[in-house]
Amino acid sequence: MFPVRALVGALLALVILTLSGCGLGCTDTTAERGEAGVRVKVEDTSGRPSGVTVEVVDWRLEPHPQVPSEGDQVHFHYRFDGADEYSGRAVDACAVDKKRVALGCQTIYSSEAWRQPDDALTGDSWLAVERPEQVAGVLLIPNDQSYDRRTCDQDVKDGGGMHPPEPAGVGDQL
């Protein structure tokens, strides 16, 4: 009789742990980095389009007005279509050389752009690069960087799942 009670108790404990989210295991997965371009469709961590498009409208090398002594930096303008100020869509923007190697990157956010009469959100930003003469363009990476859920290490019960790729950095091949 005792072994049956022990077995039922163990099964009941397992069911409670499973239903509470414990005991299922926690897995972190990183999304694949999407194809960089001058104009990209923002995609979620599953690779599905979000309905938002981002484009580098123009770029040029010039001294930043706040630190002109640092020489030329990459000044670029961008445009989010299909986003609103509150969705917080974010993508990585990188100055690249002619082989598409990143020379400098940062994340740009739709929430930091300004609403235009055509409902697009536009903004500008600066990228400091070590060798400005090597810059051949500015590319955007389509992965939405705006939401990164907690990892398993941070929260075993509610963490885990799909995460955006690591932000792009100097030397990354795009």
Side-chain angles (χ1 to χ4, degrees), residues 21 24-62 64 73-129 132 134-174:
L24 293 177
C26 186
T27 305
D28 287 309
T29 308
T30 302
E32 291 290 321
R33 182 178 286 166
E35 180 69 28
V38 173
R39 180 181 169 93
V40 297
K41 292 180 180 179
V42 180
E43 51 190 54
D44 66 16
T45 53
S46 299
R48 293 185 303 254
S50 66
V52 174
T53 303
V54 188
E55 176 180 15
V56 174
V57 178
D58 66 15
W59 69 273
R60 62 187 168 280
L61 294 174
E62 61 185 0
H64 191 289
Q73 295 184 22
V74 181
H75 184 202
F76 68 100
H77 291 87
Y78 56 89
R79 173 185 176 102
F80 281 86
D81 285 301
D84 60 50
E85 299 95 334
Y86 311 106
S87 68
R89 300 290 183 195
V91 296
D92 289 336
C94 297
V96 296
D97 66 12
K98 60 186 173 186
K99 294 181 180 179
R100 296 174 59 112
V101 174
L103 303 172
C105 300
Q106 73 176 38
T107 304
I108 57 172
Y109 297 85
S110 62
S111 60
E112 295 176 353
W114 302 277
R115 174 75 55 202
Q116 300 302 309
D118 65 356
D119 273 346
L121 295 169
T122 62
D124 72 311
S125 195
W126 296 81
L127 292 165
V129 296
Q134 292 181 344
V135 176
V138 176
L139 299 179
L140 303 167
I141 300 170
N143 305 89
D144 189 351
Q145 295 287 345
S146 65
Y147 176 72
D148 192 7
R149 64 186 309 134
R150 296 173 64 80
T151 65
C152 293
D153 287 342
Q154 295 167 326
D155 186 345
V156 174
K157 183 175 177 241
D158 297 322
M162 188 66 80
H163 301 275
E166 289 295 317
V170 174
D172 286 357
Q173 177 70 51
L174 304 180

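Fair warning: this is a prediction, and the values are worked out from it, not measured in the lab.
D44 is not listed as a side-chain neighbour of D144, based on a closest heavy-atom distance of 4.5 Å or more. Looking at heavy atoms from C-beta onward, V129 lies in side-chain contact with V135 at the 4.5 angstrom threshold.
Here the straight-line distance linking atom CD1 of I141 with atom CD of E43 works out to 11.0 Å at 0.5 Å rounding. Interatomic distance, CG of D58 versus NE2 of H75, reported as 8.0 Å (0.5 Å rounding). Taking CG of L139 as the reference point, atom CG of D92 lies at 11.5 Å (rounded to 0.5 Å). Once rounded to the nearest 0.5 Å, the distance linking CG of L61 with CD of Q134 reads 11.5 Å. Considering CG of D124 and CD of E112, their distance stands at 11.0 Å, rounded to 0.5 Å. Here the straight-line distance linking atom SG of C105 with atom CG of L127 works out to 7.5 Å at 0.5 Å rounding.
Heavy-atom minimum distance, A36 versus R100: O-NH2, 2.9 Å. The shortest non-hydrogen separation linking D81 to A120 is OD1-CB, 3.3 Å. A pairwise comparison of heavy atoms in V74 and V138 identifies CG1-CG2, 3.7 Å as the closest pair.
The pair R33-D172 counts as a salt bridge, with a side-chain nitrogen and a carboxylate oxygen less than 4.0 angstrom apart.
With hydrogens and angles disregarded, no donor-acceptor distance shorter than 3.5 Å links the side chain of D119 to the backbone of G82. With E35 contributing its side chain and V40 its backbone, the two residues share no donor-acceptor pair below 3.5 Å.
The side chain to side chain donor-acceptor pair (under 3.5 Å) test with T122 singles out one residue from Q116, E55, H77, R115, and that residue is Q116. Applying the side-chain contact (heavy atoms from CB on, under 4.5 Å) test between L140 and each of I108, L174, V38, T53 identifies I108 as the sole match.
Classified by interplanar angle (parallel below 30°, tilted 30° to 60°, perpendicular above 60°), the ring pair H64/W126 is tilted. The aromatic rings of Y78 and F76 sit tilted, their planes meeting at an angle between 30° and 60°.
Annotation for E166: atom CD does not count as buried by contact number, only 12 or fewer foreign heavy atoms lying within 6.0 Å.
Using modelled atom types, one finds no donor on one side chain facing an acceptor on the other under 3.5 Å when comparing Q145 with T107.
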